[in-house]
Amino acid sequence: MDGDQDSAATPEFASPVNVAPPGRDSFARFLYNQNPFYLISCLLVIYGCQSLAVSGGGLIDKSLSMAGGIAAYTLLMAVVCVGVVRIANVWDDARSIFLVVVISLVAVTTGFDELCIGEQPMARAFACAAAALVLLVVESVLWSCGIRLSFWYRTALYAHFAVLIGFPLLLGNAVATRNDSLANWGSVLFSAAIGASVLLLIPAVRRGQQSVRGNGTPWNWPLYPLSAFVVLVVLAGIRSHAIWMSFGFYGVAGKFEPFLLLPILAAVIVLVAEAGLGQRNQTLQGVAMVSTSGLLLCASTRGGATWLPIQSDLAYGFGSSLTVTLGMIFLVYSWMTLRGVRYASLAVATTLLVTGLAAPIPEIGQSYGLASWMFPAAACVILLVMTLRRVDADWLWAALAGMAATTIAMVGDAYGRQTDGLIAGVALATLAMLVIGATFKTPLAVFLRYLAAGVMSFAATVIVFRFLQDPRGVILYAVAGMAILSLIYAFLIRRRGWLAIAVLQAVLFCGTFSYQGHRSGKLRRINWPIASGLMCLCVGVAITTGKTGLYRRLAERNGDGRPSRFEGGL
């Protein structure tokens with residue numbers, strides 16, 4: 001029967017034998033409650049069968065010692081499991097035995113790797129026997145114990161074992177026929193196939209507790225049945241490294257490669273996000289969002305390179321393991337965006353920015369004109385759409401401005417105009433900070449005003465210093481332009497601090513212009529009486545204008561006519 005039938009009644013469970021546990025908190029009490037001896041027994045038997053297999057004999061003898069011995073133990077544990085449930089009714093111990101059976105079945109699938117290379121017909125026979133064993137043990141245990149497992153859990157379980165059994169046959173044939181490319185990519189493809197099998201759990205985990213209603217056991221979701229799948233995923237991560245060692249032609253097989261875990265972990269994160277969406281659990285969605293960024297650890301080997309024998313292929317087709325990892329993060333965040341996870345679209349834009357800044361571009365992409373600056377440019381488009389939907393969000397405008405400034409700087413660097421691109425990017429960012437600071441009244445807007453003031457003051461100092469080293473009039477006039485802009489901005493936002501910024505920049509301009517004019521002799525050719533007369537005229541007009549009360553009215557009234565004065569600060 002199928003666990004999707006919600007109307008199925010949960011059977012009544014007989015009371016287990018009443019044997020009192022040890023009285024005090026002790027190691028004995030721990031052993032009694034947790035009963036880890038089934039797991040210890042499984043590990044010891046697997047180790048013993050492996051030791052027996054490597055001790056000698058032909059390929060068939062070794063495979064029989066390994067796979068056959070573990071298969072016999074699996075059947076024994078299946079019988080014990082049924083007895084514990086049907087006779088003793090001790091469900092706590094049965095849960096441990098179920099996990100031991102799962103581990104044993106996985107171990108059986110690893111017992112004929114050498115046959116897949118040297119004795120392929122016999123390897124296919126072993127594979128068929130392993131598949132039959134998995135089907136027999138799983139279905140017989142479920143039926144005998146009266147346990148119901150829904151369709152999607154069954155599908156994911158058998159798909160997982162199909163990958164475990166089928167990939168050694170596929171890669172063994174690749175090694176035998178010297179298909180180096182397939183053999184070297186085999187471990188990566190194996191991990192991707194495992195990740196795909198994990199994704200088959202999405203319909204079930206979205207239903208949560210409903211997917212195991214009336215399952216015939218006292219166990220609740222998620223421990224039943226996700227604990228078994230957790231074991232399968234962990235073992236699959238270990239198996240991916242063993243696949244590399246068994247079938248890869250090159251590489252440093254003794255080094256563990258976290259890149260092999262990337263597809264598996266990404267699939268698990270998608271499951272967590274889907275569980276959160278299905279149950280409307282914001283905590284699970286947040287865990288999925290944060291965990292996705294942790295996938296960068298999968299590209300931590302050798303600075304984005306890899307120990308796997310596919311480095312040259314990666315450089316040509318994908319860039320590096322870091323590029324692939326960021327691409328996977330982009331796909332996961334894009335999926336979350338489509339599914340409506342909060343802030344996922346912002347994470348997509350951030351991932352594109354990091355990709356443009358840090359990830360190597362694949363050689364084939366470079367041949368078609370792909371450049372790093374295109375990634376933050378795409379992020380700008382995403383942020384622009386987000387900003388237009390929420391025009392009142394100052395932090396989105398700030399993020400858009402920062403992304404655009406970064407893109408401009410990267411474009412300048414890509415086309416050999418690094419300094420010009422940097423200057424243009426800083427100018428755009430500064431103007432954006434001024435606009436946001438004048439438009440919004442939030443703490444972020446105030447901070448951006450202060451930051452813009454610091455940038456403009458520092459820029460004026462740098463320009464003056466540069467002008468004194470290389471006198472060019474156009475450079476110095478930038479300081480005059482900033483002084484005028486600061487003065488206008490001061491009247492716009494009514495802050496006295498910006499008047500001080502404007503005066504500082506004006507003094508820098510006038511002082512530098514006068515000093516340089518004196519050094520070049522230009523000031524000596526000026527008609528000083530005429531120049532002084534014009535300056536006096538300007539001062540007189542300014543004084544007369546002040547007597548009209550224009551300055552006071554500008555300082556004391558806003559555009560809506562309400563009283564307002566210049567305030568301190570920036």
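Atoms CD and CZ, from E119 and R124 in turn, are 11.0 Å apart once rounded to the nearest 0.5 Å. Within the model, atoms CE of M374 and SG of C380 stand 13.5 Å from one another, a figure rounded to the nearest 0.5 Å. A distance of 4.5 Å separates OG1 in T387 from CG in L400, rounded to the nearest 0.5 Å. Note that the CE atom of M403 and the CG atom of L383 stand 4.5 Å from one another [nearest 0.5 Å]. Residue L262 holds its CG atom at 11.0 Å from CG of L297, rounded to the nearest 0.5 Å. With values rounded to the nearest 0.5 angstrom, M410 atom CE is found 5.0 Å from S372 atom OG.
Contact between A344 and Y333 at its shortest, heavy atoms only, is CB-O, 3.8 Å. Among all heavy-atom pairs drawn from A405 and G425, the shortest one is CB-O, 3.3 Å. Between A349 and A379, the shortest heavy-atom distance links the atoms O-CB, 3.4 Å. When every heavy atom of L284 is checked against every heavy atom of G276, the shortest pair comes out as CB-CA, 3.7 Å. Heavy atoms only, all atoms of each residue included: L169 and I165 are closest at CG-O, 4.0 Å. Across A288 and I269, no two heavy atoms sit closer than the pair O-CG2, 3.6 Å.
For R154 (side chain) and L149 (main-chain N/O), a donor-acceptor pair under 3.5 Å exists by modelled atom type. Side-chain atoms of E274 never come within 3.5 Å of backbone atoms of I202 as a donor-acceptor pair (strictly under, hydrogens ignored). A side-chain donor-acceptor contact under 3.5 Å links T323 to the backbone of P360. In terms of modelled atom types and a separation under 3.5 Å, the side chain of N184 and the main chain of S181 share no donor-acceptor contact. With hydrogens and angles disregarded, a donor-acceptor distance shorter than 3.5 Å links the side chain of Q366 to the backbone of I361. Side-chain N or O atoms of R207 include one that pairs as donor or acceptor with a backbone N or O of Q210 at under 3.5 Å. Formation of a donor-acceptor pair under 3.5 Å by the Q209 side chain with backbone atoms of W221 is found in this model. A donor-acceptor pair is defined here as one N or O able to donate and one able to accept, closer than 3.5 Å; such a pair exists between the side chain of S140 and the backbone of V137. Checking side-chain atoms of R206 against main-chain N and O of A275 turns up no donor-acceptor pair under 3.5 Å. Between the side chain of S246 and the main chain of I243, no donor-acceptor pair closer than 3.5 Å is present.
I97 places a side-chain heavy atom less than 4.5 Å from the side chain of M77. Counting only heavy atoms from C-beta outward, the side chains of F259 and S300 never approach each other to under 4.5 Å. Side-chain contact check for L261 versus S191: every heavy-atom pair is 4.5 Å or farther apart. In this structure the side chain of F229 reaches within 4.5 angstrom of the side chain of L157, judged on heavy atoms. At a threshold of 4.5 Å between non-hydrogen side-chain atoms, the residues L99 and S227 count as touching. For the pair V134/L164, no side-chain contact is recorded, criterion being any heavy-atom separation below 4.5 Å from C-beta on. L232 has its side chain within reach of F161: a pair of non-hydrogen atoms, C-beta onward, lies under 4.5 Å apart. L201 has its side chain out of reach of W152: every pair of non-hydrogen atoms, C-beta onward, lies at least 4.5 Å apart.
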Evaluate I364 against S367 for side-chain contact (heavy atoms from CB on, under 4.5 Å), listing each step before the verdict.
CA-CA 5 Å; I364 189 173; S367 65; 4.2 Å; yes
side-chain contact (heavy atoms from CB on, under 4.5 Å) between S104 and V108, worked out:
CA-CA 6 Å; S104 301; V108 170; 5.6 Å; no
Please report the C-alpha distance between W395 and T442 in whole Å, then the side-chain angles of each, then the deciding distance to 0.1 Å, and finally whether the side-chain contact (heavy atoms from CB on, under 4.5 Å) criterion is met.
CA-CA 10 Å; W395 63 273; T442 61; over 6 Å; no
Let me see the working for F375 and T407 under side-chain contact (heavy atoms from CB on, under 4.5 Å), right down to the final yes or no.
CA-CA 8 Å; F375 293 96; T407 303; over 6 Å; no
Check against ring pair (Phe, Tyr, Trp, His ring centres under 6.0 Å), F98 and W219
CA-CA 13 Å; F98 278 131; W219 306 327; 5.5 Å; yes
Begin with the C-alpha distance, continue with both residues' side-chain angles, and end with the deciding distance and a verdict on side chain to side chain donor-acceptor pair (under 3.5 Å) for Y153 and S211.
CA-CA 9 Å; Y153 286 120; S211 65; 3.1 Å; yes
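Ring-plane geometry between F112 and F126 is classed as tilted, the angle between the planes lying from 30 to 60 degrees on a 0 to 90 degree scale.
Test L226, L271, I264, I194 against V233 for side chain to side chain contact (heavy atoms under 4.5 Å, CB included) and you get one pass: I264. Between F330 and the options T350, T292, L352, a side chain to side chain contact (heavy atoms under 4.5 Å, CB included) holds for only L352. Among I329, L346, V332, the single residue meeting the side chain to side chain contact (heavy atoms under 4.5 Å, CB included) criterion with T351 is I329. Test F167, W244, F247 against F190 for ring-ring contact (aromatic ring centres under 6.0 Å, His included) and you get one pass: F167.
More than 12 heavy-atom neighbours from other residues, nucleotides or ligands sit within 6.0 angstrom of CZ on R339. Atom CD of Q418 has 12 or fewer neighbouring heavy atoms from other residues, nucleotides or ligands inside a 6.0 Å radius. At most 12 heavy atoms of other shown residues, nucleotides or ligands fall within 6.0 angstrom of atom CH2 in W335. No more than 12 heavy atoms of other residues, nucleotides or ligands shown are found within 6.0 angstrom of CZ on F318.
For the 3.5 Å distance criterion, the side chains of Y224 and T217 fail to qualify, holding no donor opposite an acceptor.
Here R239 pairs with D113 in a salt bridge; the nearest charged N to carboxylate O distance falls below 4.0 Å.
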